[in-house]
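Inspection log for the structure reproduced underneath, given as structure tokens.
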Amino acid sequence: GGTSYWDDVVQHGGMALSYLNLYDAEAAWQTAYDLGGGPVRAQKKLYIALNKPAGVVTSHGDTHGRTTVYDLLKELGRWVFPVGRLDMDTSGLLILTNDTDFGERLLNPDSKVPKTYYVKVAGSMEPEHYRALESGVDIGRGETTGPATAREVRRTDKNTWFELTITEGKNRQVRRMCEAIDRPIRKLVRIRIGGYALGTIPVGKFVTLEAADLRNCWMPAPPASGR
């Protein structure tokens, strides 16, 4: 989050901003110039849903030579930026776009767009663990999470799988929530943003989002039912 995130957004594709105003991203976009000094032409707005594999970095460029999401988008041939991040070990739904206004609105905490994750943790999840996740937990650094919803999917003697829906975007939030209840995550996949689901997009592949898909991004997630 913060300035470093938007710096990363505008530096991709040989672009630089003369100034950066986080609260008026569209105005900032209008002041963008390519490195040749010419104004950027208005581009058709593009929206992409990528099924990010684990082990892939969300940012553009990596000093350690790791695969980034841009390596998976080479055939696109267009400048897009990720709307939010998934950490390297998290897989699943990542939206990318060249529409800075859309990106900022989707990320704005006031929008409270629900994001649903499929979580695999070590050990068993008891009712008190779900209650803690749903009511809010202290995740350190002076941060406490807001309300969430959880629905158990299955369990074995060693692991439990459940869906967790949050409306915040704190750094590594789901991992920190599970650490707070002493249930370390073994696998984490984002499966839904708003009402738009990852569905059958193959790992490492992307699809173009249509108008109906974009509307779904703003819709609430389907209600969780039972444990």
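Positions are given from 1 along the sequence.
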Side chains of Met177 and Ile166, heavy atoms from C-beta outward: is any pair under 4.5 Å? yes

Stepwise side chain to side chain contact (heavy atoms under 4.5 Å, CB included) test for His64 and Val57: CA-CA 10 Å; His64 301 290; Val57 181; over 6 Å; no

So Lys187 and Asn159, do their side chains get closer than 4.5 Å, heavy atoms only? no

Here the pair of heavy atoms bringing Leu50 nearest to Lys205 is CD1-O, 3.3 Å

Measure the OG-CD distance between Ser135 and Glu128 for me, rounded to the nearest 0.5 Å. 12.0 Å

With Tyr47, the side chain to side chain donor-acceptor pair (under 3.5 Å) member among Thr97, Asp213, Asp99: Asp99

Apply side chain to side chain contact (heavy atoms under 4.5 Å, CB included) to the pair Thr165 and Arg151, showing each step before the final yes or no. CA-CA 9 Å; Thr165 300; Arg151 181 181 69 87; over 6 Å; no

Answer whether the closest heavy-atom distance between the side chains of Arg190 and Leu94 falls below 4.5 Å. yes

Under a 3.5 Å distance rule, please check whether Asn216 uses its side chain to pair with a backbone N or O of Gly195 as donor and acceptor. no

Could you grab the distance from atom CD1 of Ile139 to atom OG1 of Thr144, nearest 0.5 Å is fine? 7.5 Å

Atom pair CG (Leu76) and CG (Leu96), whose distance is rounded to the nearest 0.5 Å: 8.5 Å

To the nearest 0.5 Å, atom CG of Leu188 lies from atom OG1 of Thr90 at 4.0 Å

Hydrophobic clustering (ILVMFWY, side-chain heavy atoms < 4.5 Å, transitive) - are Leu198 and Val203 grouped together? no

Flag yes if Met88 and Leu73 sit in one hydrophobic cluster, no otherwise; membership is Ile, Leu, Val, Met, Phe, Trp, Tyr, and two members link when side-chain heavy atoms are under 4.5 Å apart. no

Would you mind reporting whether Trp218 and Arg105 have side-chain heavy atoms less than 4.5 Å apart? yes

Ignoring hydrogens, what is the shortest heavy-atom contact between Ala54 and Ser91? Give both atom names and the distance. N-CB, 3.6 Å

Taking side chain as C-beta onward, heavy atoms only, is Trp161 less than 4.5 Å from Thr156? yes

How long is the straight-line distance from CD1 of Ile201 back to NZ of Lys52, given to the nearest 0.5 Å? 14.5 Å

Side chains of Glu143 and Gln173: does their closest heavy-atom pair fall under 4.5 Å? no

Between Arg175 and Asp87, does any side-chain N to carboxylate O distance fall below 4.0 Å? yes

Do Leu72 and Phe206 come within less than 4.5 Å of each other through their side chains, counting heavy atoms only? no

Taking atom types as modelled, is there a side-chain donor on Ser124 or Glu126 under 3.5 Å from an acceptor on the other? yes

If I compare all heavy atoms of Val121 with all of Cys178, which pair ends up nearest, and what's the gap? CG1-SG, 4.0 Å

Would you say Val207 ends up clustered with Val56 if hydrophobic residues are merged whenever their side chains have heavy atoms under 4.5 Å apart, either directly or through other cluster members? yes

Compare all side-chain heavy atoms of Asn98 with those of Lys45 and state whether any distance is below 4.5 angstrom. yes

Show your working on side chain to side chain contact (heavy atoms under 4.5 Å, CB included) between Lys170 and Arg141 and close with a plain yes or no. CA-CA 11 Å; Lys170 295 179 171 66; Arg141 305 177 201 165; over 6 Å; no

With side chain to side chain contact (heavy atoms under 4.5 Å, CB included) as the test, would you mind laying out the steps for Tyr70 and Phe81 before giving the verdict? CA-CA 9 Å; Tyr70 291 100; Phe81 64 89; 4.2 Å; yes

Is it true that a side-chain atom of Arg183 and a backbone atom of Met125 form a donor plus acceptor pair closer than 3.5 Å? no

Do the side chain of Thr145 and the main chain of Val137 share a donor and acceptor less than 3.5 angstrom apart? yes

Work out which heavy atom in Tyr118 is nearest to a heavy atom in Glu163; give both atom names and the distance. CD1-CG, 4.3 Å

For Thr160 and Arg155, indicate whether the former's side chain and the latter's backbone hold a donor-acceptor pair under 3.5 Å. no

Of the non-hydrogen atoms in Ala49 and Leu93, which two are nearest, and what is the gap between them? CB-CD1, 3.8 Å

Output the distance between atom CE (Met219) and atom CG (Leu214), rounded to the nearest 0.5 Å. 13.0 Å

Nearest non-hydrogen partners of Val113 and Cys217, listed with the distance: CG1-O, 3.4 Å

